[in-house]
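These values consider heavy atoms only, across backbone and side chains, with no hydrogens, waters or symmetry-generated copies. Counting starts at 1 for both ligands and their atoms, in listed order.
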Amino acid sequence: MVSTEYERRIAARFATFDQDGNGWIDREDFNAAAKALLAEFGTAARSTKGQALYAGAEAFWQGMAGIADRDGDQRITREEFVNGAVKRLHDNPERFAEIARPFLHAALDLAAAPDGTATVEDTARVLRVLGVHEDIARTAAGALDTDGDGRVGEAEIVPAVARYFTVPE
Ligand code: CA
Ligand code: CA
Ligand code: CA
């Protein structure tokens with residue numbers, strides 16, 4: 001089995017999206033991520049923040065499906081992910097930021113102060129719920145705080161997530 005560093009990283013990105021681990025990415029994975037985040041922060045699905053998160057998850061799914069679901073079966077297989085999402089988003093990280101932004105904004109908002117920023121600790125909670133390993137979530141959240149003020153805002157998290165998923169070869 002040939003496994004390059006690049007392939008290993010792509011597999012990790014796929015696993016992050018495939019929240020239920022059934023081998024493909026679909027709407028359920030995005031709903032599961034939203035549900036897990038709401039549970040973590042004790043937020044009701046019917047609340048304004050809960051509704052924003054589900055709307056963001058749906059927009060994220062629609063955006064990903066539009067890019068990668070080539071056969072239109074409402075599932076993104078690993079092959080579709082690699083040949084569609086990874087290649088196309090790699091060429092256009094701004095496009096990824098655009099489709100992920102409403103979800104990331106709403107996720108951060110679950111923990112954010114009125115100014116829209118969350119502490120590094122709360123950002124690490126978001127990352128853990130989304131499948132980032134316990135050991136690296138705190139470090140990753142700290143790295144998101146690019147201006148070092150101890151808080152993470154949308155302007156910091158969106159480009160960082162876009163960079164992570166539009167991994168260079
Ligand atoms: Ca899945
Ligand atoms: Ca498909
Ligand atoms: Ca900051």
Handout entry: Proximal heteroatom of D147 relative to the Ca ion (ligand 3) (N/O/S)
Key = OD1
Problem - D26 backbone or side-chain N/O/S under 3.0 Å from the Ca ion (ligand 1) - result: no
Handout entry: Heteroatom test (N, O or S) for R151 near the Ca ion (ligand 3), limit 3.0 Å
Key = yes
Fill in the blank from the handout: Any protein N, O or S atom under 3.0 Å from the Ca ion (ligand 2)? Found D69 OD1, D71 OD1, D73 OD1, R75 O, E80 OE1, E80 OE2
Fill in the blank from the handout: Restricting D149 to its N/O/S atoms, the closest one to the Ca ion (ligand 3) is OD1
Exercise for the section: Check the surroundings of atom NZ in K49: do more than 12 heavy atoms from other residues, nucleotides or ligands lie under 6.0 Å from it? Expected result: yes
Handout entry: Proximity of Y54 and F103 rings by center, below 6.0 Å
Key = no
Practice task
Answer yes or no for Q19: is there an N/O/S atom below the 3.0 Å cut-off from the Ca ion (ligand 1)?
Solution key: no
Problem - Opening angle at the Ca ion (ligand 3) [OD1, D145; OE2, E156; to 10 degrees] - result: 100°
Exercise for the section: Not counting sequence neighbours, which residues clear salt bridge (charged side-chain N to carboxylate O under 4.0 Å, His left out) with D26? List them please. Expected result: none
Exercise for the section: Give a yes/no answer: is there an N/O/S atom of E28 under 3.0 Å from the Ca ion (ligand 1)? Expected result: no
Exercise for the section: Salt-bridge test for E121 and R138: reply yes if a basic N is under 4.0 Å from a carboxylate O, no otherwise. Expected result: yes
Practice task
Run the salt-bridge test on R125 and E40 with the 4.0 Å N-O cut-off and return the result as yes or no.
Solution key: yes
